2 protein chains.
Amino acid sequence: MRADARRNRDRILEAARDAVAERGADAPMELIARRAGVGVGTLYRRFPDRGTLLAALAEQYVHELMDALDRAVAAEPDAWAAVRAFVVYSVEKGRGAIAAALAGTSAPQARQTLVQRLDELVRQAQADGAMRSDVGTGDLMELLNVFACHPGVIPERFLPLVLDGLDRRQPRRRNK
Amino acid sequence: MRADARRNRDRILEAARDAVAERGADAPMELIARRAGVGVGTLYRRFPDRGTLLAALAEQYVHELMDALDRAVAAEPDAWAAVRAFVVYSVEKGRGAIAAALAGTSAPQARQTLVQRLDELVRQAQADGAMRSDVGTGDLMELLNVFACHPGVIPERFLPLVLDGLDRRQPRRRNK
DNA sequence: CTTAAGCGGAAGGTTGGCTTCCGGTTCTAT
DNA sequence: ATAGAACCGGAAGCCAACCTTCCGCTTAAG
């Protein structure tokens, strides 16, 4: 693969990430190309169809999250603290609707590994009594998607709130 | 206004609500018409353009929320309980992306009244020490939008969690 | 029974995005 | 340095989806 070709490939992926973040999974191919500083032709040569492009994006995204998880675990001795750190990072990193847009397409095996590892951590945090136990790993992933879909005010205002909601203490029935 | 005309108008509004909920603010006019069991012509005669239709929808929606608020206040003596009840109702009622889709279009004065009344309630709940005070009414409305955008698993799983997060006790810094 | 209000949906027009294709350009191996 | 394979850009053609208008037929209502 020629050097310029590789460079373009990377640029395209980056541009696609931004575009998908802002405009959803069906962001115009031409927009992606222009942002990458590349012609549509180039885009199509590298990724024959939108599906291929999205799949590449998904794989990259999952890998990034995986790295983030590793880092969080390394940095935080406490399981619950690691979960928090991972969620915070993911929300900041997961620009726009990427996660949601890719939820279906997402590379199955990589994603599964990610979920599996996160699950261990969550169970640990719950076993420690630090995290409420009526919310599972699947819920957590879902939560990340929601945040990813609402960039801007939502994450900054509500992330702490939700994290507090996830914290310790069993849920108590309040009404009735 | 002829009886059949009125009936059709109502049906259209209902169909539009569903369609917008599922497909967003730019749901095809023809889809709306067909669901209402009506020809496109009828739809256009009643609502000359999409904007008019959306405005009508928004107004109706805001009125519903206002009623809900009144009911919540009447039923619950405690301010914080009323806020909770209102939020729960809104999330259940606010099908799909209606709220978000209409956020911009929304009838200004009615919306303002709604926000104003909710604000009183929120302040009361906060003054009672029952609701955390670093989240305002605006945030609450935003929250409703987010929930409205993610029908299905999100509301049911996360609403209690978020409500717990809103509850009492000042936020405490946890990390660092 | 009359008639004005109302109705349906085909048709025409517009927009916006997808893909292909090919003449020109740039790497890179020798 | 240079040949030639790989690569590039973007104009052009195609298509699908949607909007909106229009008019002959239907029906409520007095």
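As the structure is a computational prediction, the values presented were derived from the model and not from experiment.
The base of dT26(C) lies close enough to the side chain of Arg2(A) for a donor and an acceptor atom to sit less than 3.5 Å apart.
Heavy-atom contacts of chain B under 4.0 Å fall on DNA chain D between two terminal nucleotides, which in 5' to 3' order are dC18(D) to dA29(D).
Backbone-only engagement by Asn8(A) is indicated by non-hydrogen atom pairs under 4.0 Å involving sugar-phosphate atoms exclusively. Residue Arg23(A) is classed as a sugar-phosphate contact, given heavy-atom separations below 4.0 Å to backbone atoms only. Nucleic acid contact for Arg46(B): sugar-phosphate only, since backbone atoms but no base atoms lie under 4.0 Å from a heavy atom of the residue. Here Arg9(A) lies out of heavy-atom contact (under 4.0 Å) with every strand. As judged by a 4.0 angstrom heavy-atom cut-off over every strand, Arg50(A) is placed among residues touching the sugar-phosphate backbone only. Among the atoms of the strands shown, only primed sugar atoms or phosphate atoms (P, OP1, OP2) are found under 4.0 Å from some heavy atom of Ala3(A).
The separation between Glu30(B) atom CD and dA10(C) atom P is 9 Å, rounded to whole Å. Remark: P of dA10(C) and CE of Met29(B) are 18 Å apart, rounded to the nearest angstrom.
A donor-acceptor pair under 3.5 Å is absent between the side-chain atoms of Asp128(B) and the main chain of Ala130(B), judged by distance alone.
Annotation: cation-pi pair Arg71(B)/Tyr89(B) present, NZ/CZ under 6.0 Å from the ring centroid and within 45° of its normal.
At the phosphate of dG6(C), neither OP1 nor OP2 sits under 4.0 Å from any side-chain N or O atom of Thr42(B).
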